[in-house]
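Read through the structure below, which is laid out as structure tokens, and then see the notes.
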Amino acid sequence: MISQSSHGRKRPRTRSFTRRVLTAGLVGVLSATGLAGMSGSATASNHTLAEAAASKGLYFGTAVAHNRLSESDYVAVLNREFNSVTHENSLKWESVQPSRGNFTFTNADRVVNHARSQGMSLRGHTLVWHSQLPGWMNNLSAADTRTEMNNHINRVMGQYRGQIHSWDVVNEAFQDGNSGARRSSPFQDKIGNSWIEESFRTARAADGNAKLCYNDYNTDGINAKSNAVYDMVRDFKARGVPIDCVGFQSHFNPQSPVPGNYQQNLQRFADLGVDVQITELDIEGSGAAQADNYRRVIEACLGVSRCTGISVWGVTDKYSWRSGGTPLLFDGNYNKKPAYDAVLQALGGSGGGTNPPPGTGACSVTYEQTDRWGDRFNGRVTVRAGSSAISSWRVNVTVSNGQRISATWNGSPTWDSSGNVMTMRPNGNGNLSAGASTSFGFTVMANGNWSAPSLGSCSVN
Ligand code: G2I
């Protein structure tokens, strides 16, 4: 039973839906490790973030950018370590309704479909937010702003009804600083204070099973801004306005460190009768100091029985919104950082400390599409040596039936009899020092089939 933690803490759940979602997530994790089908009494392994978190009754998620899903290393780490996903940008208003009344879910669907195919649960980010709004929202009358706000909630939640366990219904509605006031936005300025509760009421009607969250940053400790949110949540609970959870983004850096009263703050919200979730965790820094801060965050969540899950804001430092601050758990080469080991350990997991590159072995490969024309596309495969130097490598690239590789560069290809499988070897000796990489490229004639080629694992001769 993963709705109760391994150390016997009751995790109150107001809706059975959460348990189903988490169970589905765990099944996904177990299938990936070959443990699916074992009896309920079997001990799940706890060698990944998702497994260790699940053993404590938590999900462990990450923000995902739809355009990274074609990179094999990214996907390998995502699938191995996480069992919940948040769209980094592709579910935001400007992405799904760029012009009035025209909804487009192509990019959002890529993330949803990937998550579902892996048995991962989904957080919905976000419905009503002042930022990343399309320009047309700025020029509406008060009445139209209100109509569009409700329409957007209905349409987007309706699209994914039953597939998203928690929605950030309203994001970042309060000002920074000491005022405790609400931030200026088309919603606040035109509709007035009632827009937040109206959003939550609309959301409840749109998907009665999703948990409805208010999400914000700089509300992680006890301060004027979190006090203002606290007062709003208390008021909502007192008046029966539907709200189920509060998200604490938890973007930390030296200027905004993990607050000393972080757990106390989570607890006071939980005591209002809402779940709390850590929704966008990242902590700038490196080494032991960063690891220590991550451990404090995990321990705070574990210390609050209504803290139901943790999501970090990205898989790898290289794609972080503040990559210069290297705030995540995997470095730009997908190596586990000390912060990873600290998180795994805090979750009671084991197996940190080793850093096999994704795919393990002496070398690893990633694929990117680099160009596309009306009839063909170019792909690039990057080959990277693992923790030791290598003197040669080979990798299979398989295209779909109907596709044909018409040109290659920076490598020496051979082909199988079907013509679909190309084995690429280096031009020359293929020497790569530890961690170094090289790339080769090729053109695929699509013949109407635009699927990405599949990569075999990288091997050394
Ligand atoms: O700013 C960090 C997060 C704070 N909380 C709400 C989150 O939704 C927010 O996420 C970030 C994304 O990580 C960034 O990727 O939101 C930013 C926008 O406010 C995102 O940045 C935008 C850039 O501003 C755009 O120029 C860019 O086109 O990302 C877009 C897509 O890469």
Side-chain angles (χ1 to χ4, degrees), residues 61-71 74 78 82 84-98 104-112 122-135 137-138 152-153 156 164 166-177 182-188 196 199 212-221 225-226 229 245-253 255-256 258 276-285 297 309-330 332 368-369:
T62 178
V64 164
H66 67 90
N67 54 337
R68 305 297 178 198
L69 289 173
S70 50
E71 189 188 308
Y74 180 95
L78 169 65
F82 299 94
S84 178
V85 158
T86 308
H87 298 74
E88 183 168 6
N89 286 300
S90 47
L91 205 45
K92 292 171 179 175
W93 197 313
E94 69 175 7
S95 304
V96 298
Q97 197 187 174
T104 160
F105 293 103
T106 313
N107 292 334
D109 279 349
R110 285 189 65 187
V111 177
V112 170
L122 282 149
R123 293 197 81 258
H125 178 78
T126 177
L127 292 165
V128 193
W129 186 28
H130 67 276
S131 179
Q132 290 180 286
L133 269 183
M137 271 301 294
N138 293 317
H152 187 81
I153 294 169
V156 180
I164 294 200
S166 303
W167 271 103
D168 291 335
V169 176
V170 171
N171 196 42
E172 301 176 6
F174 286 84
Q175 285 180 21
D176 288 320
R182 294 171 189 213
R183 177 198 295 275
S184 168
S185 71
F187 312 105
Q188 182 67 32
I196 302 184
S199 294
L212 308 181
C213 306
Y214 176 81
N215 189 50
D216 215 329
Y217 67 92
N218 283 352
T219 49
D220 312 297
K225 189 174 177 183
S226 67
V229 176
C245 37
V246 175
F248 297 84
Q249 295 185 8
S250 306
H251 294 292
F252 298 121
N253 57 34
Q255 290 70 47
S256 174
V258 182
V276 296
Q277 301 175 353
I278 295 168
T279 52
E280 304 183 14
L281 176 63
D282 54 11
I283 308 177
E284 290 190 47
V297 171
I310 299 163
S311 303
V312 291
W313 204 240
V315 175
T316 159
D317 282 341
K318 70 177 166 177
Y319 299 141
S320 163
W321 69 294
R322 42 187 209 191
S323 56
T326 60
L328 295 171
L329 302 177
F330 294 89
E368 282 171 287
Q369 181 178 300

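Whatever order the structure lists them in is the order used to number ligands and atoms, beginning at 1. Side chains are part of it too, since the values below use all heavy atoms of this structure and drop only hydrogens, waters and symmetry mates.
A side-chain donor-acceptor contact under 3.5 Å links S185 to the backbone of Q188. Of the possible polar contacts, none joining the K225 side chain to the G221 backbone as a donor-acceptor pair under 3.5 Å is found. S199 contributes no side-chain N or O that, together with a main-chain N or O of V169, makes up a donor-acceptor pair within less than 3.5 Å.
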Evaluation steps, side-chain contact (heavy atoms from CB on, under 4.5 Å), between F252 and L281: CA-CA 8 Å; F252 298 121; L281 176 63; 4.3 Å; yes
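A heavy-atom cutoff of 4.0 Å around ligand 1 is satisfied by the protein residues E88, N89, K92, H125, W129, S131, Q132, N171, E172, Q249, H251, E280, W313, W321.
Considering CD of E280 and OG1 of T86, their distance stands at 7.5 Å, rounded to 0.5 Å.
Side-chain contact of E172 with S131: a donor-acceptor pair under 3.5 Å is absent, judged by distance alone.
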